[in-house]
Amino acid sequence: MTLTSPHLGSSTEWTDARLLYALEEVVEKELNRHLQVTKDWMPHEYVPWSDARNFPGLFEDGEAWEPAQSKVTDIGRIALVVNLLTEDNLPSYHHEIATLFGRDGAWGTWVHRWTAEEGRHGIVMRDYLLASRAVDPDKLEQFRMAHMSEGFESDNRHSMLHSVAYVAFQELATRISHRNTGRQSGDPVCDRMLARIALDENLHMIFYRNLLGAAFEIAPDLTMQAVRDVVVNFRMPGHGMPGFERAAAQMAIGEIYNMRIHHDDVLQPVLRFLKVLQIEGLGPDGLRAQEELGLYMDGLDGEASKFDERLAARKARMAARAAG
């Protein structure tokens, strides 16, 4: 793929390879910063092993799963399954970013380090769910097989700039989803586990956000167009899993992740930190993308306000029924 930045003159053509090379030093700097601030942690230390017991199968004393065995709230169970299935597709995610960013130099070191850190998340969440009997283990495995059998192809695999922009927002979205799930899970053990995962996701967001900031400095028009495209067409990576639309609707009503959260806690913080809507000196294409991004954010804010009103009305109806 070849991209041309009018802001830098018509003779300047940016390929993915040139962009990767131009950002290599930034990646190395951010990788070193990440390794200095991140802390290794042990997934097994966050799992309530003393609650575990055998399931039916090879063990004569196996006990079948029942919903009453779970300490987790209904919305917590829904969100935990969505969050875990999202983490389960790590092999596909690794393939996507390794293909785009490469396996050599600072880029390759980051790709492998990120994959190793993300691997902990799926390990600890699955161990927690099975040990605590939070969800039906048979259905969980059936969902995993169906989801992973479909694989994952990024909407942004055509462009490394689009991919960097996407993960800057998506890592923060994942952090918010995990954190809100923990808070509404009804189980302090689950809350602590997801808070630990959320710390990782936040550091990953900072890495990609800073990389996106560097991209704005060297190719502002192209980066603005990439951000515009990603924000307008954003989808969570778990969108292809079985029953995702229904689960997403329940998570929206349950205030795990909805339009208001997406606007206020995911898109706005990144855009505000990078001052994306205040960048000056853009060429025609970059300026158009910036204006379209601003209009989209205004529209999303309006839609989120309508959702807030519907959610408040629903809560009022439910409270009235409970009181009556």
Side-chain angles (χ1 to χ4, degrees), residues 73-83 85-86 154-156 162 165-186 194 198 201-202 205 209 212 224-279 287-324:
T73 60
D74 290 342
I75 187 59
R77 286 201 297 272
I78 293 167
L80 278 164
V81 171
V82 170
N83 291 357
L85 291 182
T86 300
S154 170
D155 295 333
N156 303 288
H162 283 71
Y166 175 74
V167 288
F169 295 106
Q170 182 268 321
E171 292 283 3
L172 183 52
T174 304
R175 172 207 167 193
I176 295 298
S177 181
H178 283 315
R179 200 66 195 91
N180 288 343
T181 299
R183 288 170 177 156
Q184 299 199 39
S185 67
L194 291 176
E201 303 289 10
N202 194 58
M205 178 276 294
R209 184 195 64 191
L212 186 62
M224 186 65 72
Q225 292 172 73
V227 169
R228 185 246 350 245
D229 293 345
V230 164
V231 168
V232 170
N233 299 298
F234 186 89
R235 296 196 295 174
M236 291 292 275
H239 60 80
M241 69 180 59
F244 178 78
E245 288 77 12
R246 184 168 185 268
Q250 292 170 311
M251 290 169 67
I253 294 171
E255 298 181 87
I256 300 290
Y257 199 96
N258 56 38
M259 223 179 301
R260 173 54 62 199
I261 293 169
H262 182 61
H263 178 277
D264 290 0
D265 300 337
V266 176
L267 299 181
Q268 282 285 30
V270 175
L271 295 176
R272 189 166 50 242
F273 182 89
L274 297 176
K275 297 181 173 60
V276 173
L277 296 177
Q278 287 76 49
I279 292 175
L287 184 59
R288 186 182 307 112
Q290 186 182 51
E291 292 172 347
E292 291 173 353
L293 177 61
L295 288 172
Y296 176 82
M297 291 298 295
D298 289 343
L300 181 62
D301 187 37
E303 290 299 315
S305 295
K306 294 177 183 178
F307 174 84
D308 292 341
E309 293 172 2
R310 294 194 298 270
L311 187 59
R314 182 180 186 275
K315 288 180 178 179
R317 290 195 302 271
M318 293 181 67
R321 290 173 188 169

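Quantities reported herein were computed from a predicted structural model and do not represent experimental measurements.
- At least one side-chain heavy atom of V227 sits under 4.5 Å from a side-chain heavy atom of L293.
- Residue pairs meeting the salt bridge (Lys or Arg N to Asp or Glu O under 4.0 Å) criterion with at least one member in residues 253-262, sequence neighbours excluded: E255-K315, R260-D264, R260-D301, R260-D308.
- Applying the side chain to side chain donor-acceptor pair (under 3.5 Å) criterion to N202, with sequence neighbours excluded, gives R175.
- Looking at S305 and E309, their side chains never bring a donor and an acceptor atom within 3.5 Å of each other.
- To the nearest 0.5 angstrom, L80 atom CG is 10.5 Å from L85 atom CG.
- Here the straight-line distance linking atom CE of M297 with atom CG of L267 works out to 4.5 Å at 0.5 Å rounding.
- In this structure Y166 satisfies the ring pair (Phe, Tyr, Trp, His ring centres under 6.0 Å) test together with F234, sequence neighbours excluded.
- In this structure, M251 and I78 approach most closely via the heavy-atom pair CG-CG2, 4.3 Å.
- Between the NZ atom of K306 and the CE atom of M259 there is a distance of 9.5 Å, given to the nearest 0.5 Å.
- Distance check: L172 CG to F273 CZ gives 12.0 Å after rounding to the nearest 0.5 Å.
- Here the shortest heavy-atom pairing between Q290 and Q278 reads NE2-N, 3.8 Å.
- Of the inter-residue distances, the one linking T73 atom OG1 with Q184 atom CD reads 7.0 Å to the nearest 0.5 angstrom.
- Interatomic distance, NE2 of H262 versus CE of M236, reported as 9.0 Å (0.5 Å rounding).
- Contact detail for A168 and L212: the closest heavy-atom pair is CB-CD2, 4.2 Å.
- Residues passing the side chain to side chain donor-acceptor pair (under 3.5 Å) test with R310: none are found, sequence neighbours excluded.
- Residue pairs meeting the ring-ring contact (aromatic ring centres under 6.0 Å, His included) criterion with at least one partner in residues 297-324, sequence neighbours excluded, do not occur; the list is empty.
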**OP:** List the steps, then state whether side chain to side chain contact (heavy atoms under 4.5 Å, CB included) holds for M241 with V81.
**Re:** CA-CA 10 Å; M241 69 180 59; V81 171; 5.9 Å; no

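- When N180, T181, V266, T174 are each tested for a side-chain contact (heavy atoms from CB on, under 4.5 Å) with Y257, only one passes: V266.
- The two atoms that bring V230 and A165 nearest to each other are CG2-CB, 3.9 Å, heavy atoms only.
- Checked by atom type and distance alone, the side chain of Q170 never pairs as donor or acceptor with a backbone atom of P237 at under 3.5 Å.
- Annotation for A198 and R179: closest pair CB-CD, 4.0 Å, computed over non-hydrogen atoms.
- In terms of heavy-atom proximity, N258 sits nearest to I261 at OD1-N, 3.0 Å.
- Within the structure, every pair that satisfies the salt bridge (Lys or Arg N to Asp or Glu O under 4.0 Å) test and touches residues 290-299, not counting sequence neighbours, is listed here: R228-E292.
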